Every structure is written in C-alpha cells, then in structure tokens.
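First up is the structure itself, then whatever we jot down about it.
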2 protein chains.
Amino acid sequence: MTTGAPPARRTQADRRAQTRSALLEAAARGLSKYGYANLALERVAGEAGYTRGALYHLFANKEDLALAVVNWVEESWNAEVRPLVTAEADPVDALIALARGHVVYCRRDVADVLMNLRVEFTGQDHPVGRAVTESIHRLADDCAVLIAAGRESGAIPPGPPPREMAFAYLSVLEAVGIQVAGKAPYDVDLAERAVRGVLGLPPAPVSPAVWGAAAPMRPARTAPEVHE
Amino acid sequence: MTTGAPPARRTQADRRAQTRSALLEAAARGLSKYGYANLALERVAGEAGYTRGALYHLFANKEDLALAVVNWVEESWNAEVRPLVTAEADPVDALIALARGHVVYCRRDVADVLMNLRVEFTGQDHPVGRAVTESIHRLADDCAVLIAAGRESGAIPPGPPPREMAFAYLSVLEAVGIQVAGKAPYDVDLAERAVRGVLGLPPAPVSPAVWGAAAPMRPARTAPEVHE
DNA sequence: ATGGTAACATACAGACATGTATGTATGTGA
DNA sequence: TCACATACATACATGTCTGTATGTTACCAT
C-alpha cells in the first residue's frame with residue numbers, strides 16, 4: 001500500500017457491530033456508576049464516541065439499551081464462571097468454585113451492574129428490574145439444585161429451604177464479591193469463607209499463610225484460582 | 001368538654017415537629033424504594049400529607065432532606081442494635097450479637113436506606129454518599145476493634161487486616177440482612193452463620209431443630225433473639 | 001383585637017433528559 | 001455513476017423535577 005492510501009472501507013455490518021459494542025460498554029460502565037435513573041444517554045453516546053442519534057438508531061430507547069446490557073453482562077458471566085461450576089462433579093465443590101469464580105469476575109469494573117440494578121428496582125415493577133430478577137432466579141435455581149444435592153449426600157448440613165438458601169448464598173457472594181473485589185490475594189478465599197459459613201460448612205482447612213504474602217496453591221479438588 | 005368544641009390548638013413547635021417527622025418517614029420510605037435520583041419531593045410531601053412548600057420550609061433542599069434521613073436511620077440503628085453489642089464483654093459474642101440485632105432491625109421497611117444510598121453513590125462524590133460512607137466507616141472501625149481483640153485472644157482465626165475484615169463482615173451482614181429479612185425463624189440464625197463464616201469461625205453448635213418450626217432458646221451466653 | 005412571625009400551599013422559572021423529526025455521510029448493488 | 005438503504009449527527013418538542021417567589025393560614029405576644 002502507498003502512504004497516501006484512503007482508509008479501508010468497512011462494511012455497514014462492521015460499523016454497526018463496532019458502534020453497538022462501544023455503546024454497550026459505555027452503557028454498562030454508566031449503569032455501574034450511575035444506575036439507571038441517572039444514566040444520561042447523551043453521556044453514554046459521548047463516551048462511546050458517538051451521538052444519541054446513533055444510539056437511538058441501534059436501540060429503541062433507554063430501556064432497550066439497559067436490557068441489552070443486562071443480557072451482555074449475564075452472558076459474559078456465564079461464559080467465564082459457569083464452566084468452572086460444571087467442571088465440578090461434587091455439589092459443594094461446584095458451589096465453592098462458583099464463589100471463587102464470581103469473585104474473580106468481580107475484578108472487572110462492570111461486575112456490579114446487575115447488583116446495582118437489582119437494588120435500584122427492588123420494590124418497583126420495571127422491565128429492567130424484572131430482567132435482572134429473572135437472571136438471578138435462573139442462577140438461584142441452579143444453586144438450589146446443588147444445595148439440595150449436597151444436603152442429600154450429607155455434605156451440606158440442614159438449613160432453610162434450598163431455594164431460600166440459594167438466595168442467601170448469592171446475596172452473600174454478591175456482597176463480598178463487590179466489597180473485596182481486586183483485593184488479592186485474599187478476595188477469593190474470603191468469598192469462600194463467606195459462602196461456607198452461609199451453607200453451614202466448617203472453615204476450609206488452610207494454613208495461616210493464606211492471609212500473608214502470595215496466594216498458595218489450592219488443594220487439588222477445587223478449581224484453579226487464577227484465570228487469564 | 002362539649003361535643004362542639006373546636007380542635008385543640010397545637011403550638012408551632014408541635015406542628016413543626018409533626019411535619020418534620022412525617023416528612024422524614026416518607027422520605028425514608030421513598031429513598032428505600034426509589035433511591036435518591038428517583039426520589040421526587042412532590043411525592044414525598046404528598047405521602048407525608050403536606051406539600052413541597054412545607055418541605056422546603058423545613059429542609060434547605062433535597063440533599064438536606066436526604067442527609068437528615070441518613071442521620072435519622074443511623075440513630076435508630078444505634079438505639080436498637082448498639083446496646084446489644086456493648087452488653088457483650090467477649091468480642092466474638094459482641095460481633096454475633098451485632099449480626100443478630102441487625103437482622104432484626106432489617107425487618108422494618110426502611111432498613112435498606114443506607115445500603116441503597118451506598119450502592120447508588122459508589123464511584124461518585126456526593127454529600128449524601130459521603131455521609132453514608134462515614135456512617136459505615138464509624139461502624140467498621142468499631143467492628144475492627146472487636147475483630148482485633150478476638151484475634152489477640154485467639155477466638156478469631158487469622159485473616160485479612162482487621163479493617164478489611166470489618167468491611168467484609170458488614171457487607172455480608174448487610175446483604176443477608178436485606179435478603180432474608182423477616183423470614184423468621186431462620187433469618188437471624190442465617191445471618192449468624194454468614195458472619196461466622198466470614199470471620200473464619202466454625203458453625204455454631206445448634207441442633208437441626210433450628211431450621212424446623214419455632215426458634216429454640218439460644219445458649220445463655222448470647223443476646224436474646226426477640227426484641228419488642 | 002392587632003401586628004408579627006412561622007407554618008404551610010400554590011404559582012413561576014429554568015434546567016435537564018427523553019424521544020421524535022430531519023439532515024448528512026457512507027456503504028452497496030446495478 | 002447513481003439510486004437506495006443504512007449509519008450516524010443535529011434540531012425540535014415535550015415532560016418532569018428542582019428550587020424560588022408569592023400567597024394564605026395559624027400561632028403568639030401585646
């Protein structure tokens with residue numbers, strides 16, 4: 001190519017995909033920081049490098065954009081954390097793996113979008129709030145199955161009904177996830193502690209060195225701690 | 001008094017106090033349900049039985065009202081929960097009593113005001129967010145002292161720095177408090193489980209009957225379970 | 001009873017955000 | 001090259017909310 005060549009032509013499909021992606025990311029960051037009510041579309045578009053016209057071309061309205069973000073976040077969580085869970089045959093190991101994986105997921109800056117929206121729409125009937133609630137319910141259903149299995153095998157002691165237990169487990173995990181996110185080396189182990197407590201399990205057998213310098217290797221039966 | 005007597009004259013001070021109280025309660029309910037951004041003062045005033053004129057007569061602006069609510073909630077929490085904590089000489093018992101007392105406090109409908117505001121203003125610099133943060137920091141400082149004392153006595157195993165531990169403890173307690181509030185009989189015991197887990201303590205020695213019908217009596221060394 | 005102040009209610013003004021309408025730029029197939 | 005459709009930008013219209021100004025009611029001291 002010569003030095004004076006014009007920029008390469010991008011297809012409309014490519015342009016559309018890039019615009020959409022940029023807007024979703026900007027909206028997610030905005031929802032994370034400002035919530036839904038305070039999310040100004042002029043700002044979202046600006047931070048994505050476009051204008052509201054482009055935004056309204058791709059999304060019907062503010063609600064449509066937020067719902068798209070909710071789906072986007074759920075998908076990215078499923079892509080990163082679910083494999084860790086399904087890789088475990090034992091229910092307790094699966095629940096612990098989920099907790100550890102979730103805390104690692106919380107190291108990214110949009111991890112609290114769903115929690116923020118859930119808190120914001122609690123007690124209100126709104127499409128975005130409903131979407132978040134449904135997302136969490138799907139996850140809670142899966143956790144309830146694991147909890148019930150763990151109880152049946154005797155690995156998990158008795159407690160509230162499995163579904164209630166699952167909601168408590170998730171709320172604790174969510175809170176710890178956000179509170180200690182990124183505070184390696186102990187964010188992951190602290191999350192495990194918290195969910196073991198809620199489930200009624202005794203503390204994991206670890207040496208005191210865990211709370212010191214570098215995180216040590218995990219026992220062989222749990223998920224890997226670091227993911228790239 | 002005769003049947004046709006006019007209503008009793010109330011002093012201006014009494015009228016002012018009643019108006020202020022009604023507005024604070026309505027605002028607290030509004031902040032709990034809608035957060036700050038979505039809190040419409042027209043609605044607050046209406047639900048309190050007044051108009052925005054009365055509201056602006058008593059509070060400089062929306063921010064002033066919200067700050068007053070934050071203080072009001074903090075004071076009511078301190079009045080109800082702190083005595084349970086200070087009544088315990090042992091640090092672990094104090095932390096457990098705090099958790100149990102907090103969950104009982106969460107049975108009222110404005111218990112989540114501070115959490116909602118904290119979530120809403122995370123990442124932003126706003127006077128209301130700062131007030132909430134300071135309130136939580138004061139509590140975390142006290143918890144950190146208890147945690148440090150428990151570690152020194154050997155009752156609490158090692159973990160992250162006491163202050164970090166205190167924030168994790170509070171975030172877990174807050175999450176469980178809101179998630180299971182009012183779901184007697186197990187909301188209080190579930191909260192205890194959660195915080196024991198975070199602190200690294202083994203499960204409390206309880207019989208399986210706890211998760212059945214009525215809550216049994218607690219062992220003598222912990223705070224009473226029911227408060228009127 | 002009267003004048004003054006506080007407690008409240010109603011009207012006004014401006015800012016901000018959303019959604020819609022219209023204009024401009026870019027890709028695409030014939 | 002040209003007509004068309006899509007991708008985006010800019011302008012317009014409307015509603016909502018906050019804070020301020022003004023009006024009315026109630027208490028209070030003289």
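What you are looking at is a predicted structure, and each value in this text was computed from that prediction instead of being measured. Below, chain A is the first sequence line, B the second, and so on; all start at residue 1.
Taking the side chain as every heavy atom from C-beta outward, A/Asp142 and A/Arg82 approach each other to under 4.5 Å.
For the pair A/Glu42 CD and D/dA9 C1', the interatomic distance rounds to 11 Å; values are reported in whole Å. For the pair B/Gln18 CD and D/dC27 C1', the computed distance is 15 Å after rounding to whole Å. What separates OH of A/Tyr50 from P of C/dT26 is a distance of 13 Å, to the nearest Å. Straight-line distance from the CG atom of A/Leu23 to the C1' atom of D/dC8: 11 Å, rounded to whole Å. For B/Arg52 and D/dG19, the CZ to P distance is 9 Å, given to the nearest whole Å. For A/Arg9 and C/dT28, the CZ to P distance is 6 Å, given to the nearest whole Å. Between A/Asp14 atom CG and D/dC8 atom C1' there is a gap of 16 Å when expressed in whole angstrom units. As a whole-Å value, the separation of A/Arg16 CZ from D/dT6 C1' is 8 Å.
Mapping A/Thr19 and B/Tyr56 onto DNA chain D via the closest heavy atom, the residue that lands nearer the 5' end is A/Thr19. Along DNA chain D, the nucleotide nearest A/Gly53 and the nucleotide nearest B/Tyr36 are compared for position; the residue whose nucleotide lies closer to the 5' end is A/Gly53.
Ring geometry for B/His126 versus B/Phe121: interplanar angle under 30°, hence parallel rather than tilted (30 to 60°).
Backbone-only engagement by A/Thr11 is indicated by non-hydrogen atom pairs under 4.0 Å involving sugar-phosphate atoms exclusively. B/Leu41 comes within 4.0 angstrom of the backbone, heavy atoms only, and of no base. Note on A/Leu39: only backbone sugar-phosphate atoms sit closer than 4.0 angstrom, heavy atoms only; bases stay farther off.
For CZ of A/Arg108, the number of neighbouring non-hydrogen atoms (other residues, nucleotides, ligands) closer than 6.0 Å is greater than 12.
Counting only heavy atoms from C-beta on, B/Gln12 has its side chain closest to C/dA6 among D/dA9, C/dA6, C/dT26.
For C/dA7, one of the phosphate oxygens OP1 or OP2 lies less than 4.0 angstrom from a side-chain nitrogen or oxygen of B/His57.
Side-chain to base pairing of A/Arg10 with C/dG27: no donor and acceptor N or O lie closer than 3.5 Å to each other. Contact annotation: side chain of A/Arg15 to base of C/dG27, donor-acceptor pair absent below 3.5 Å.
The heavy-atom pair separating B/Leu170 from B/Leu139 by the smallest distance is CD2-CD2, 3.8 Å.
A donor-acceptor contact closer than 3.5 angstrom is absent between the side chains of B/Arg15 and B/Gln18.
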